[in-house]
Structure formats: C-alpha cells, structure tokens
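FYI, side chains are in, hydrogens and waters are out, and symmetry mates aren't considered; it's all heavy atoms of this structure. Note that the coordinates shown come from a computational prediction; the quantities given were computed from them, not determined experimentally. Every chain is numbered from 1 and lettered A, B, ... according to where its sequence line falls, protein lines coming before strand lines.
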Amino acid sequence: MSRVTLSVSDLRKTIKRKEIIKGLNFELREGEVFGFLGPNGAGKTTTIRMLVGLIKPTSGSIRICGYDVKSDFTKAMKYMGCIVENPELYPFLSGYENLLHFARMLPGANEGRIQDVINLVGLQARIDDKVKTYSLGMRQRLGIAQALLNKPKVLILDEPTNGLDPAGIREMRQFIRALAEKEGLSVLVSSHLLSEIQLLCDRVAIISKGEIIQVDTVHNLLNTQEKIIWKLEPLEKGKRILRGLTEVTETEDGYLITPFQERDAGRWNQELTKQGVLVMEMNRKLPALEELFLELTGGGGGGIG
Amino acid sequence: MANLIQNEMMKLLARKRLLVIGIIIAVLVLLFTYAQYKQVEEQREKLGTTDWRAALQQQIIDIQNRLGSSRMSDDWREQLQITLKQQQYYLDHNINPTEPGAPSFMRMFVENSSDLFIPLLVMIIASDLVSSEHSLGSIKLLLTRPVKRWKILLSKYITLLLAISMIIAMVGLLSYILSGIVFGYKGMNAPIITGFTISEGNLDTSEVRLVEQWKFLLMDFGLVCFVAVVVGTLAFMLSVLIRSTAAGMGVMLAALISGAILSNMVSSWESAKYLFMVNLKLTNYLNGVAPPIEGMTLFSSLSVLLFWWAAALVVSFVIFTKEDVY
C-alpha cells in the first residue's frame, strides 16, 4: 500500500458550544484523488479550513506528511497546496506578480518554478495581464498554479469546478487526474455533486452534519447505489417478468426501478424482449445525493439538504 | 522577512495609494499657499506697508479690542490673553513670528495638519492593510503558506511604518517646494521662540529661548511622526479587528473628529486627557498654546499615546495569530 500523506484523527470543532465537526477520521494516500462529498452545510468547508490551518481544531490532530498542522505549522504547510473556495488572488496585480508574491513566501520556489507552473496550467499568453481581466476559468487555473508552486505532496481543492462551464469542468477534471497519476500527488476534492465525485475520485468520504457516514471506493459505493429506470410496454407484464429476476419498485408516473448490475442488465433486457415486452427506455441512473444519504443513514435522515 | 515586506510594498504600490496621497497633499498645499498669499496681500493693503512689526502691532490691538468686549467666556479670554502676551514678547524682542518663506509655511502646514490631516492620510493606508485581505479573500492564501502568522502581520506593520515615513516626507517636501515658488526659500535659520509653558492659565516665560527654524522643524516633524505612528497603529488594529475596511475607517474617523471637537469642550472633564484623540496636537506644546485640559504636558501626552500604541500593537498581534479565518 502506498504512503499516507494526510491523516486526520478524531478531528472536532465546537463553535459557540455547538459541535460542528464531530470526530472525523480519514487518510489520504499517495497518488489518489479523494472525494469529500456532502450537502451544503455538512461541514466540508470547515473541515478543509482546519486542514489548511485557517481554523484551529477544538481537538484532534491533522498530519501532513508526518508533520502536525498545529505544532509544526510551517513544515506541514511546505507539503501542502490549497485553494479554499474560489481562488481569490489579487485583482490589481498581474498573474505573474501574484505568483511571484506567493513564491516569495515559499522556500525554494524560484523564477524557474514560476515558469514551470505557468506552463503547466497553460497561462503563458495572459500571465502579464492584470488578474481582474481574467475569466473565471483563468483565475481557477492561476489558483492551481499558485497551489503547485511549492511542489506539494497534498493538494486540497474546495469545490474546484464551482462556476466553471462544462468544458472547463472537463479540463479541470483531466488536469487533477493527471496530477495524481503522473506526479503522485494526493488530491482532496470537496463537492456537493455526486456525478463529479464519481468521475474524478478514487475514494470518497460521505459527510453529513459533521460526521463521516461512510468511506469507500467510488466503485463500491456506486455499485450498491446505482439504479436502472425502465419504461416498459405493457407495464404489468414487464413488471411481472422483472419481479422474477430482481427487486423492482414502481414510481407513480409508470416507471420501474431496479438495482443496476452490470452483468445482468443486458440479460434482463433480452428476457423482456423475448417475451414480447417493448423496452421504451432503459436508463442507468445515479441516486440523487439526498436519496444516497437517506439510504446510507437508514432512511431516517429527514431534512438533509 | 525582507521577502514579505517586498510583497506588501508591491501590493501597496500596485494600488497607487501613495500616489493618491501625494496628489491630495499637493492640492492642499497649493490651496493653503494661495490662502496665505491672499492673507499677506490683504494685510499689505490694510496697513499700506509690508512691515511685519506694524502687522503684529495691529494684531495685538485687534486682540485687545476683542478682550474689551464683555460677552466672552473665561476660557476664551484666558487663551486670548496668553496669545497677546506671546505676541507682545515677539514684538519686544524683535522676532518676526510669521517670517514669510517656505520653511515658515512648511512649519505652519505641518503643525496644522498634525491632528487631523496627516492621521487621515495614514488611515488611508492603515485601515485596509489587513481588512482588504479579508474582503478580497486572499487572506486564505496568505495564511496557508509555510510562514508563521506573526511574521505576516509584522511585515504588514513594517510596511505601514515605511508608508508613514513616506507620507510625512511627502508633506515636508511638497509643502516646502510648492510654497517656495511663491514665498521664496529663505528663512531656514530664522530664530523661532519656544519654551512657553502654561501653568494654571498663566504664561510661564522663564524657559523661553530662541531656536533656529530648522531645529524647530525637526522637533515638529519628530512629534508629527510619533502621532502618525500612533494613529496608524490604532487604525491597523481596527483593520485586524473589523473585517470591513469601511467600518474600520468610519470608527477611526469618528474618533479623530471627536478628538477635534472634544479638544474645544472638555476643559472641565479631566479624565478625558487619557483619550488618545485629545493628545494629538503635540506641536502646540512647542508653541506654547494652552492644552485642551488643564495639567496636560508634553510628557503626559507622549505617555498616553505610547500606552495606546503599545496596547493596539499587542491586541493586533494576539488577535491575528489566534483567530479562526472563515
């Protein structure tokens, strides 16, 4: 198993006597993209701010490459790069000046490294323009360049695709995957979108109301949760056939829902067709985050969202 | 550390704050130069002569006339009497109190701007040094670098001190150069009288002595620098405490203006002398102007300001290193 780069144990935060983060435990390994999934207000951002040293935990410890964020702040930060929420750089400085500014705060980040990160994110053409003239996507790229200046081992990105257009989102996704696979970075990505986590991450922690409900590989988690939605003609006959094969629920507007099983789905379809049932629609569908939560918390977690 | 200060300077210069301040100073200096010029011209017309002795004599007569009127508060009457004595002293000793020329103008300008104008300029820089990082959100990037928080704040504070020295240098240079065009540059060595002290409403002239103008100017600038640093540090503290630049600036502005108002009406509220804002006009001690509250001395004012300065600095550093950033 590869090396652990970030480890969090029993992390808690109490604000005004209200416990907001209730004892988180998780680890990031080299070369993996770790998703941090939860609805707004679940405590994602608070946790991330504790990881990067902006908020002091009430108790618990955070170690980055073995250095405690609290007692060894400067050493821990040497191995970490982050963007918390939007990359808020100085709009009145040029892109290059912004990078220079942050490079001056890092040991060993010289002009050569600045050029490297500029090339890495592909901002060569506009790097001497003021940041206030940049588009959101360019700012996001400059933010990543800034986070990579110190050659971090751990990269923490809070909602990295927030506000990007679909092309930008795809580009960002490829970029993050490349960083993890080629450079061996551990990347922690927070999101409230299940689809994004599914495409981007290796493992995912699901967080709700300040607690981690489950940590698992994306594959395992979604396999148990993914559904197929059928529209069949005639409905009653189709339902009867599917019932004989798997678990079926029916929605009010005449759709049938079965679990998704990669190997069996085709066979079910074949069976239906053979017996003369028309398959009008057959959709693989991710559960909405809310449904996922309901299932993971045993159906009793009303009021999430 | 040098790197961090370089960073702060880069941000300060990129926002062109110092340039704006320079322009404000230049405009004000020109305005005052014109006003002074008009005054001189008017005096010349009224007296039909440019002889300053005649002008001073006229001023003394004016004051005596005003003292003759009965509708006047005791405080005001006392002040006028002190001014009268001072002017009489100048006349008797053949010293021109308003020796015209750039150095005199610079002295007048610095003294008059020490309690409101210069603190205001310093505030423009100090108020958003920390709070702007909050409102931009860049504080999140700044505080997640491998640099201790106190170092970041210290680099900002040193930058503030550098900016204050630049502001005061600009005030000095611009007022000297621009007014000199009209009044000429002579008078650096003119004798200025100082050492008046006011005790229990009486002008004590026992320690009065003459000082060359340039020495007097150095003393003035020293005191003004001190005031600017204290006000700058207080605004800096507010910038740490209040994350909105406008709110911090508002609080500081209210304090400064209340100081100007209080100075005119607190003579019977003795404990007001521990407020920093009534202690800002330090140059008045050199000129022998009665302090706003009985019993205030240069030393007491300096101590009060020093205490506020130290407290503000401690609060800034403690809060900045401890606070959670959301």
Open item on the list: Counting only heavy atoms from other residues, nucleotides and ligands, does the tally under 6.0 Å from CZ of B:Phe320 exceed 12?
Closed with: yes

- [ ] Spell out the residues in residues 110-135 of chain B that have some non-hydrogen atom less than 4.5 Å away from a non-hydrogen atom of chain A, in order of number; otherwise answer 'none'.
- [x] B:Glu133

Task: For chain B, which residues of residues 122-140 of chain A have heavy atoms nearer than 4.5 angstrom - done: none

- [ ] Step by step, work out the side-chain contact (heavy atoms from CB on, under 4.5 Å) result for A:Met105 and B:Ile152.
- [x] CA-CA 10 Å; A:Met105 301 179 78; B:Ile152 291 172; 3.8 Å; yes

Open item on the list: Under 4.5 Å from any heavy atom of chain A, what part of B:Leu4 do you find: side chain, backbone, both or neither?
Closed with: side chain

Task: Atom pair OG1/CG of B:Thr144 and A:Leu51 - distance to nearest 0.5 Å - done: 12.0 Å

Open item on the list: Any heavy-atom pair between the side chains of A:Ile55 and B:Val325 that's under 4.5 Å?
Closed with: no

- [ ] Check whether any side-chain heavy atom of B:Leu141 sits under 4.5 Å from a side-chain heavy atom of A:Glu88, and report yes or no.
- [x] no

Task: Greatest number of heavy atom pairs closer than 4.5 Å to chain A - which of B:Lys11, B:Met10, B:Lys322 - done: B:Lys11

Open item on the list: Counting neighbours of CD on A:Gln115 that are heavy atoms of other residues, nucleotides or ligands and sit closer than 6.0 Å, is the number greater than 12?
Closed with: yes

Open item on the list: Which one wins on heavy-atom pair count under 4.5 Å against chain A: B:Lys148, B:Arg149, B:Glu8, B:Lys16?
Closed with: B:Arg149

- [ ] May I ask you to check whether over 12 heavy atoms, not counting those of A:Lys22, lie within 6.0 Å of atom NZ?
- [x] yes

Task: SB check B:Asp324 A:Arg49 (cutoff 4.0 Å) - done: no

TODO: Applying side-chain contact (heavy atoms from CB on, under 4.5 Å), run through A:His101 and B:Leu142 and close with a yes or a no.
DONE: CA-CA 10 Å; A:His101 176 275; B:Leu142 209 56; 3.5 Å; yes

Task: Separation of A:Thr74 OG1 from B:Lys151 NZ (nearest 0.5 Å) - done: 8.0 Å

Open item on the list: Rounded at 0.5 Å granularity, tell me how far CD in B:Gln6 sits from CG in A:Leu100.
Closed with: 7.5 Å

- [ ] Report yes if some heavy atom in the side chain of A:Leu89 is under 4.5 Å from a heavy atom in the side chain of B:Ser138; otherwise report no.
- [x] no

TODO: For B:Phe32, look at atom CZ and say whether over 12 heavy atoms of other residues, nucleotides or ligands are found less than 6.0 Å away.
DONE: no

Task: Heavy-atom pair count under 4.5 Å with chain B, highest-scoring of A:Glu97, A:Met50, A:Lys75, A:Met80 - done: A:Glu97

Task: Closest heavy-atom pair and its distance - A:Phe73, B:Leu143 - done: CZ-O, 3.3 Å

Open item on the list: Counting only non-hydrogen atoms closer than 4.5 Å, does A:Leu149 touch chain B with its backbone (N, CA, C, O), its side chain (CB onward), both, or neither?
Closed with: neither

